[in-house]
Amino acid sequence: MTTRTLCRLEDLPPGATKGFRPPKGGFTGLFALRDGNEVRVYVNACPHLGTPLDWAPDKFLSSDGKNIVCSMHGAEFEPLTGLCTRGPCHGDGLELVAHTIEDGAIVVAADAAL
Ligand code: FES
């Protein structure tokens with residue numbers, strides 16, 4: 001399987017989020033978050049309209065840092081499950097992307113969210 005390295009773990013400290021554009025450009029990409037030692041990678045597309053969630057580069061969380069929030073209409077998602085708990089897509093979920101940690105880096109399949 002061809003893989004893609006997103007970033008090193010030390011570039012994603014606990015409580016941080018980081019966005020990744022598709023390698024060849026495009027509208028959506030991926031984002032990663034770290035909650036303690038847990039890492040999640042999601043497709044950066046809101047289930048409501050499919051638009052990117054970030055409200056500024058690498059900014060995906062609500063002001064209190066407890067939830068992922070969509071910049072368009074304020075839907076909120078649980079960080080570790082991607083489940084929408086509030087907003088127009090309540091009950092839907094973000095698309096989780098399988099990842100591995102290899103030599104301290106976050107790695108996904110090369111064709112994830114292209
Ligand atoms: S596009 Fe995300 S809540 Fe509407």
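All ligand and atom numbering here is 1-based and tracks the order in the structure.
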*asked:* Suppose the criterion is salt bridge (Lys or Arg N to Asp or Glu O under 4.0 Å): which pairs have a residue in residues 40-65, not counting sequence neighbours?
replied: R21-D54, E38-R40

*Specify whether F31 and Y42 have parallel, tilted or perpendicular ring planes, treating 30° as the upper limit for parallel and 60° as the lower limit for perpendicular.*
tilted

*Sub-4.5 Å side-chain heavy-atom contact between I101 and I106*: yes

_Distance criterion under 2.8 Å: protein N/O/S atoms around atom 4 (Fe) of ligand 1_ = 2

*With the side chain counted from C-beta on, respond yes when I68 and L61 share a heavy-atom pair under 4.5 Å apart, and no when they do not.*
yes

*Distance (rounded to the nearest 0.5 Å) between T85 OG1 and D92 CG*: 12.0 Å

*For residues C46 and M72, determine if any side-chain heavy atom of one lies less than 4.5 Å from a side-chain heavy atom of the other.*
no

